[in-house]
Number of protein chains: 2
Amino acid sequence: MQSNGVEGNLLRGTLDFLLLASLEHGPLYGLRIIQDVQNRTGGHFNFKEGTLYPALHRLEKRGLIHAEIRPSDVGGPPRKYYHLTDTGLTELERQRDAQRAHAQALRPYLEFA
Amino acid sequence: MQSNGVEGNLLRGTLDFLLLASLEHGPLYGLRIIQDVQNRTGGHFNFKEGTLYPALHRLEKRGLIHAEIRPSDVGGPPRKYYHLTDTGLTELERQRDAQRAHAQALRPYLEFA
DNA sequence: GCCATTACTTTGTGTCACTATGTAGTCATG
DNA sequence: CATGACTACATAGTGACACAAAGTAATGGC
């Protein structure tokens with residue numbers, strides 16, 4: 001029942017970018033990615049597992065990221081560390097350009113008023 | 001089959017905002033709105049009628065805009081001029097805040113690199 | 001009456017974020 | 001070696017919505 005209204009749709013087309021960008025500086029596993037995004041956006045984006053994992057699977061299926069299972073080093077179930085592939089890095093740059101262009105195009109609507 | 005890839009999803013959650021913002025400075029009819037958005041974004045957004053009109057109907061159903069049919073002044077079929085309601089103006093401000101917050105939260109991912 | 005042009009409509013489709021729930025691995029405690 | 005707590009990952013079902021494509025209607029010029 002999507003309580004968000006606007007924010008849910010704003011995440012669309014941005015989520016993949018956020019995930020790819022999170023892996024830019026080294027592999028991370030699922031729940032850490034959520035934390036990473038939360039940290040870097042000052043808590044603005046706080047999606048749940050049901051949003052994250054399907055997205056990760058999509059990216060993996062597209063060959064943009066690749067998973068490697070490692071046992072947890074603090075106890076608990078094993079973790080799937082995702083890292084960017086070469087194609088993934090290219091796609092990340094492409095999406096960053098798209099995001100910049102989008103922000104740029106939107107600027108006239110955001111200044112003043 | 002959505003040839004866009006990224007851009008289509010980026011329009012999501014932004015389209016309603018663009019439409020409301022287009023009506024901020026006076027009523028416009030459908031096709032003029034498309035032109036207005038194209039002009040103000042340097043051609044970045046160029047959606048078609050199949051995207052526009054369902055969105056307008058949604059906004060109308062929510063009571064954010066209101067239509068008034070006027071005969072064309074240059075020949076051709078009559079036009080439906082949409083204008084913002086009071087609720088629509090409030091919603092526009094709300095969405096502008098959301099857009100600003102979104103852009104702000106995304107900034108760390110766009111600078112450098 | 002045609003035809004082009006303008007404006008609005010509609011149908012069907014695929015994608016995807018979201019909620020909610022389920023499964024499984026590890027550890028501590030008794 | 002149960003049981004509970006915690007962590008991590010998985011998935012089913014749902015609704016929203018941008019999009020392409022094709023259709024309808026109104027006017028004016030010829």
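Proteins come first, then strands; the chains are lettered A, B, ... in the order of their sequence lines, and each starts at number 1. Keep in mind that the numbers below use all heavy atoms, side chains included, and drop hydrogens, waters and symmetry copies.
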Cation-pi check, B/Arg96 onto A/Tyr109 ring (under 6.0 Å, within 45° of axis): no

Send over the distance from [X] [atom1] to [N] [atom2], rounded to a whole Å.
X       : N      : atom1 : atom2 : result
B/Leu52 : C/dC8  : CG    : P     : 8 Å
B/Ile33 : D/dA18 : CD1   : P     : 14 Å
B/Leu10 : D/dC17 : CG    : C1'   : 14 Å
B/Leu31 : C/dT6  : CG    : P     : 9 Å
B/Lys48 : D/dC19 : NZ    : C1'   : 9 Å
A/Tyr82 : D/dA8  : OH    : P     : 14 Å
A/Ile34 : D/dA10 : CD1   : C1'   : 13 Å
B/Phe17 : D/dC17 : CZ    : P     : 17 Å

side-chain contact (heavy atoms from CB on, under 4.5 Å) for B/Arg62 and B/Asp16? Distances and angles first, verdict last. CA-CA 12 Å; B/Arg62 290 173 59 196; B/Asp16 286 5; 3.9 Å; yes

Give a yes/no answer on whether the side chain of [X] brings an N or O atom under 4.0 Å of OP1 or OP2 in [N].
X       : N      : result
B/Tyr29 : C/dA7  : yes
B/Asn9  : C/dT15 : no
A/Arg12 : C/dA17 : no

What is the nucleic acid contact for B/Gly30, judged by heavy atoms within less than 4.0 Å: base, sugar-phosphate only, or nothing? sugar-phosphate

Quick check: on DNA chain C, is the nucleotide nearest B/Arg32 upstream (toward 5') of the one nearest A/Asp16, or the reverse? Name the residue that is more 5'. B/Arg32

Need to verify one output field. Residue with the more 5' nearest nucleotide on DNA chain C, B/Thr51 or A/Leu11? B/Thr51

Qualifying ring pair (Phe, Tyr, Trp, His ring centres under 6.0 Å) pairs with a residue from residues 64-89 of chain B, counting only residues at least two apart or across chains: B/Tyr29-B/Tyr81, B/His66-B/His83

Can you tell which of C/dC18, D/dA8, C/dT9 lies closest to the side chain of B/Lys80? C/dT9

Choosing from D/dA18, C/dC8, D/dC9, which nucleotide comes nearest the side chain of B/Leu15? D/dA18

Using only atom types and a distance under 3.5 Å, with no angle test, would you say the side chain of B/Gln99 pairs donor to acceptor with the backbone of B/Gly13? yes

Along nucleotides 22-30 of chain C, 5' to 3', which nucleotides get a B, which get an S, and which get a -, given that the test is a protein heavy-atom distance under 4.0 Å? ---BSS---

Results of side chain to side chain donor-acceptor pair (under 3.5 Å) for A/Arg70 - residues two or more places apart only: none

According to side chain to side chain donor-acceptor pair (under 3.5 Å), who are the partners of B/Gln95, at least two apart in sequence or on a separate chain? B/Glu91

Sequence neighbours left out, what passes side chain to side chain contact (heavy atoms under 4.5 Å, CB included) with A/Thr87? Give chain and number order. A/Leu64, A/Thr85

For DNA chain D, which residues in residues 53-69 of chain B have a heavy atom at a distance below 4.0 Å? B/Arg58

Name each donor-acceptor pair under 3.5 Å that joins a side chain in residues 31-38 of chain B to protein atoms two or more places apart or in another chain, with its distance.
residue: B/Arg32; atom: NH1; partner: B/Gln35; partner atom: OE1; Å: 2.6
residue: B/Asp36; atom: OD2; partner: B/Ser22; partner atom: OG; Å: 3.0

For B/Asp73, salt bridge (charged side-chain N to carboxylate O under 4.0 Å, His left out) partners two or more places apart: B/Arg79

Which side-chain hydrogen bond (donor to acceptor under 3.5 Å, both in side chains) pairs, counting each pair once, include a residue from residues 48-60 of chain A, with sequence neighbours left out? none

